[in-house]
Amino acid sequence: MKFFTTLLALPSLALCAPAISPEDDFSSVQIVGGMPAAAGDFPSIIAFYYEGLFNCGGSLLNANTVLTAAHCVVNRVASGMTIRVGSLSKETGGIVANVSSFKMHPGYVTATQDNDVAILKLSTDIAQSASISYAKLAPTNFDPTPGALLTVAGWGLTKPSGDFSPVLLKVDVPVVSRAQCQTSYRGQLVSENMICAGFAQGGKDSCSSDSGGPLVDSSKTVIGVVSWGQGCAEAGFPGVYARVGTVLDFINSSL
């Protein structure tokens with residue numbers, strides 16, 4: 001799922017995004033304005049299920065480790081989790097594995113979605129193959145340049161009130177400066193542990209149930225993890241991603 005913030009109109013007509021709380025009713029996110037991915041575009045992407053239902057995305061890091069969003073695992077147990085990798089379909093093909101354990105980033109804050117990453121450990125090893133490879137991660141403290149074009153993928157909603165996509169979709173989105181992003185999300189923290197990406201006019205974005213999925217550069221290096229945003233592809237509100245470069249110590253310690 002991708003967390004949505006909800007903007008409230010104030011008497012002054014200013015808009016502000018309230019802090020996220022665990023009680024808020026958030027929906028998950030899918031690719032909006034994208035196109036079908038081709039075989040080999042995202043060889044490390046996984047579909048994440050909870051109790052048999054599609055829930056989020058993620059990235060396979062090695063034979064038994066997956067990177068996803070922390071909010072995808074809150075209040076859940078490992079015994080209910082499975083993943084599928086090596087298929088453009090979220091329902092068929094590839095390899096399915098159970099999750100044996102998971103842990104969230106120790107600095108994850110539910111109220112703000114800061115440090116929104118988690119690690120899943122698989123019960124069986126998954127080898128690399130013609131359709132599966134382990135993800136490359138951005139280096140420590142890497143921060144993409146505003147304007148750089150990155151790509152996000154997932155099986156989430158194609159519009160806020162739509163259905164999940166049966167096939168993997170992808171969309172290119174430009175990086176938005178953190179300062180500009182913070183201006184858009186007045187009242188909601190946009191921290192150094194986040195990356196924003198999207199078009200000022202909207203129309204292209206990650207959406208519900210894309211959460212946890214990868215934001216990659218042209219070399220397929222994972223730069224960010226789908227986290228939260230105001231709706232899906234709304235003008236003036238870029239998608240917000242956990243920044244891999246600032247959580248790399250946690251990831252590496254969990255491999």
Side-chain angles (χ1 to χ4, degrees), residues 1-3 29 31 37 41-48 56-74 83 85 102-110 112-122 132-154 156 170-178 181-182 189-198 205-206 210-229 238-255:
M1 72 193 90
K2 174 181 170 181
F3 273 2
V29 182
I31 299 300
D41 282 350
F42 294 89
S44 64
I45 197 168
I46 65 96
F48 177 33
C56 283
S59 299
L60 185 67
L61 302 185
N62 61 25
N64 66 353
T65 309
V66 167
L67 172 66
T68 189
H71 74 258
C72 291
V73 301
V74 170
I83 66 103
V85 65
F102 68 88
K103 61 179 176 180
M104 294 182 285
H105 191 290
Y108 172 60
V109 181
T110 57
T112 62
Q113 298 306 301
D114 205 15
N115 297 303
D116 187 15
V117 293
I119 292 293
L120 312 179
K121 282 296 185 178
L122 306 180
I132 299 171
S133 63
Y134 305 146
K136 298 181 293 183
L137 298 178
T140 300
N141 293 325
F142 178 77
D143 203 10
T145 303
L149 203 62
L150 302 178
T151 306
V152 61
K170 65 179 181 178
V171 68
D172 295 336
V173 285
V175 175
V176 175
S177 74
R178 206 164 284 109
C181 190
Q182 183 65 82
L189 174 69
V190 177
S191 80
E192 292 292 321
N193 301 314
M194 301 174 187
I195 295 168
C196 299
D205 194 8
S206 54
D210 287 329
S211 285
L215 178 71
V216 304
D217 65 12
S218 59
S219 70
K220 297 185 175 66
T221 298
V222 180
I223 307 298
V225 174
V226 179
S227 182
W228 63 276
V240 186
Y241 302 79
R243 181 179 162 197
V244 168
T246 61
V247 295
L248 200 59
D249 286 347
F250 163 72
I251 296 171
N252 288 336
S253 69
S254 305
L255 296 178

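As the structure is a computational prediction, the values presented were derived from the model and not from experiment.
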Note, [X] side chain near [Y] side chain (heavy atom, < 4.5 Å):
X: V66; Y: L122; answer: yes
X: C196; Y: V175; answer: no
X: S219; Y: K136; answer: yes
X: V190; Y: C181; answer: yes
X: V73; Y: F48; answer: yes
X: L149; Y: V173; answer: no
X: L60; Y: I46; answer: yes
X: D143; Y: R178; answer: yes

Could you measure the distance from the [atom1] atom of [X] to the [atom2] atom of [Y]? Nearest 0.5 Å is fine.
X: L150; Y: S218; atom1: CG; atom2: OG; value: 9.0 Å
X: Y108; Y: H71; atom1: OH; atom2: NE2; value: 7.0 Å
X: S44; Y: L137; atom1: OG; atom2: CG; value: 8.5 Å
X: H105; Y: F250; atom1: NE2; atom2: CZ; value: 6.5 Å
X: I195; Y: Y241; atom1: CD1; atom2: OH; value: 9.5 Å
X: L67; Y: I119; atom1: CG; atom2: CD1; value: 5.0 Å

Specify the closest pair of heavy atoms between [X] and [Y], including all atoms of both residues, with the distance to one decimal.
X: K121; Y: T65; answer: NZ-OG1, 2.7 Å
X: L61; Y: A135; answer: CD2-CB, 4.0 Å
X: T68; Y: G57; answer: OG1-O, 2.8 Å
X: A70; Y: V117; answer: CB-O, 3.4 Å
X: V225; Y: A69; answer: CG1-N, 4.1 Å
X: C72; Y: G212; answer: SG-N, 4.5 Å

How far apart are the C-alpha atoms of S254 and K103, what are their side-chain angles, what is the distance that settles it, and do they pass the side chain to side chain contact (heavy atoms under 4.5 Å, CB included) test? CA-CA 9 Å; S254 305; K103 61 179 176 180; 2.8 Å; yes
Walk me through it: do D114 and T112 pass the test side-chain hydrogen bond (donor to acceptor under 3.5 Å, both in side chains)? CA-CA 5 Å; D114 205 15; T112 62; 5.0 Å; no
Set out, in order, the CA-CA distance, both residues' side-chain angles and the distance that settles side chain to side chain contact (heavy atoms under 4.5 Å, CB included) for F142 and L248, then state yes or no. CA-CA 10 Å; F142 178 77; L248 200 59; over 6 Å; no
With L215, which of T151, T221, V152 fulfils side chain to side chain contact (heavy atoms under 4.5 Å, CB included)? V152
Could you check whether K220 pairs with D41 (Lys NZ or Arg NE/NH1/NH2 to Asp/Glu carboxylate O, under 4.0 Å)?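 No, no charged N to carboxylate O under 4.0 Å.
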Can you name the side chain to side chain contact (heavy atoms under 4.5 Å, CB included) partners of N141, sequence neighbours left out? R243, T246
